[in-house]
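Quick notes on the structure that follows.
For this chain, numbers begin at 1 and follow the sequence in order. Given the structure is predicted, the values throughout are model-derived calculations rather than measurements.
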Amino acid sequence: MLTRIFGPKPGTGILSKLASGYVRLVYATSNVKREPPDTDAKLFDQHPQILAMWHGQFMLLPNLKPERPADVKAMVSRHGDAELIGDVLRRFGMDLIRGAGAGKRKRNRGGATAMRESLRALEAGATVAMTADVPPGPARRAGAGIATLSAKSGRPVVPFAIATSRSLKLSTWSAFTINLPFSALAIVIGEPVPAPRSEEPREIEAGRQAIEEALAETTARAYAIAGAADPLSAEEKAKPGTALKTYRLATQLAAPVAPLLLAWRTRKGKEEQDRHPERYGIASISRPEGFLVWFHAASVGETNAALPLIERIAQARPDIRILLTTATVTSARHARARLPEGAIHQYVPLDRSTYVKRFLQHWRPDLAVLVESEIWPNLVLETKQTGVPLLLINARMSGPSYKRWRRRPGMSRPIFSAFDLVLAQNERLAEQFAQLGAPSSQSAGNLKADAPPPPVDAAGKADLSAAILGRSVWLAASTHSGEDEIVGAAHARIKKVLPDIVTIIVPRHPERGTAIAEMLRDRGLTVTLRSQGGGIDANTDVYVADTIGELGLFYALTPVAFVGGSLVEHGGQNPVEAVKLGAAVLAGPHVHNFREMYADLLRAGGVRSIEDADSLAEAVLDLLQNAVARKEVHVKAEACVAAMTGALPKTLSAIEAYFPEKVPMQHAS
């Protein structure tokens, strides 16, 4: 960044001279405290060694020991800013090893070259200095590279940390610290970490953890001696930034707006009038006695992911009480129909601290489990404030959302550090949640791959099968605004080849049914609405199934299904339900909500990708007219989905770890 501002090498030289002078100024004006007192002697006790520090704290490294008894080479990456860093290090008499690990990123940052040069340097008797954590983070998590270097060379890792009582923290992934002059300056050299006994993965991981723990202890000690707050300590990460403070204040002041918002949503069919109090945190039922697990799932998709867990818990632990909150009318009705006996449904309160506190004071949950991407700031922070263990399961977020969170560490770190455990849908997401501040983030897989298909009404299926007997039929499922017009245009193209075609549309939000029907009728199509008791007859072009809880019926009825939310930038809907009920799946390009799932299906040939009305019509015609191709797509999809399963037992095991010990039943003697 700095080199881009000030230009190439001449500008870098000027900056590095200023930076090196600043480092000397900080040392010269600060009251230096050392642990142990003779850090100079301890620093090179293990020479040649690997000298390790955290990325955010390396500013004062060059002057750590001006008069060095041995050669020291510093590992510096190849990106633009590293030119400035390297020039500063050279001014302090340090040689460079260019290159660094790439972490989870695929681009080559010269890690293999840096490893070879580091091994040669250690063998030649030079100490190698390097940061243990790897961009883009998460910060303070040691990478496997430093443990591997230690194992290959047989040399120990010596942790060190420098902290000042006065400093500036930058909003970077590692909270890079600019130490200020006229400070108390602490230098701490930790105990050496022996090299792993071998390069076996288990030994490397054990070594990595040992290095991470040693650096954490050393860093904490340096900040304590300096009398400063570590910017990445749990206490500091929990402090809200300006954006989060503003949000919390704004939601408190927005109380007069809440009734207006609920009234508007009620008119739109998005709220139930008689359950408005629940949105203010006022419960409609008393809290049951016993250990209460609170699940929160925003909409139908998240509810479907949570229900198998809830059912398993209810079956295995009848002593555990279950509360499920949702945010939409559709998910509420879905939950009431499928929750096991004894489980309670409520609407989640609006995200205002007063409402959330009222909700928590009544329900007093013993464990809170949020599903997927339901990360409302007040809900998270107020729950954490009560001391309740807080989990985020089946966690996901879109790429744009992740970038927005990363740009606002003052908002993201307090929120994500509040979770005791995050179980993400894949490794990439687990890393992202860790980078945002989650203290424990793991990949557990996608619960939606394990979820059973939605129920199918056998009688309803028989009636509809009789109505469409002898006709071709296909389904546009979970459509969003902007997609129904494309579906209507595709129907017109298909009808030119298959005059008897019936298109079934199941809108994601049933309240849109009437508007969809009117739009299609304006295009000259004959449309009937299921919500109005309409059926399919010989003249029906499009059947709009604007009802709740019947999607399974239509997946089971139709051989080909377009899964909506994917031709507009919504992010797609779950394709697994369609696959499990026998449909060959089509989807548009916008599937980032299920990115890995669709990527696997596309690689396997288990889904057809479409882009517009023409490609949708072409794909529907091909699959309807070619039974062999249709079966091939479905068989490949089934195999792919089977390979995705496994998230349910992992997630259930993680949740059960927070349950009280099961009390054995007492038998009469």
Is the NZ or CZ atom of R352 both under 6.0 Å from the centre of the six-membered ring of Y355 and within 45° of that ring's axis? yes

When rounded to the nearest 0.5 angstrom, what is the spacing between CD1 in I189 and CG in L43? 4.5 Å

If you measure from the Lys or Arg side-chain nitrogens to the Asp or Glu carboxylate oxygens, is any gap between E382 and R248 under 4.0 Å? yes

Hey, are K42 and E191 close enough for a salt bridge, meaning a charged N less than 4.0 Å from a carboxylate O? yes

Got Q425 and M644 here, is their nearest side-chain heavy-atom distance under 4.5 Å? no

More than 12 foreign heavy atoms under 6.0 Å from CD of Q385: is that the case here? no

Evaluate whether atom CZ of R428 has more than 12 neighbouring non-hydrogen atoms of other residues, nucleotides or ligands under 6.0 angstrom away. yes

What I want to find out is whether K17 reaches D87 closely enough, with some N-O distance under 4.0 Å, to be called a salt bridge. no

Classify the ring geometry between F416 and F419 as parallel (under 30°), tilted (30 to 60°) or perpendicular (over 60°). tilted

Centroid-to-centroid, F433 to W405, below 6.0 Å? no

For a 4.5 angstrom cut-off between non-hydrogen side-chain atoms, does V157 reach P192? no

To the nearest 0.5 Å, how far apart are CG in N63 and CZ in R24? 6.5 Å

With side chains defined as the heavy atoms from C-beta onward, is the minimum distance between R364 and L292 less than 4.5 Å? no

Which word best sums up how the rings of F659 and F291 line up, parallel for under 30°, tilted for 30 to 60°, or perpendicular for over 60°? perpendicular

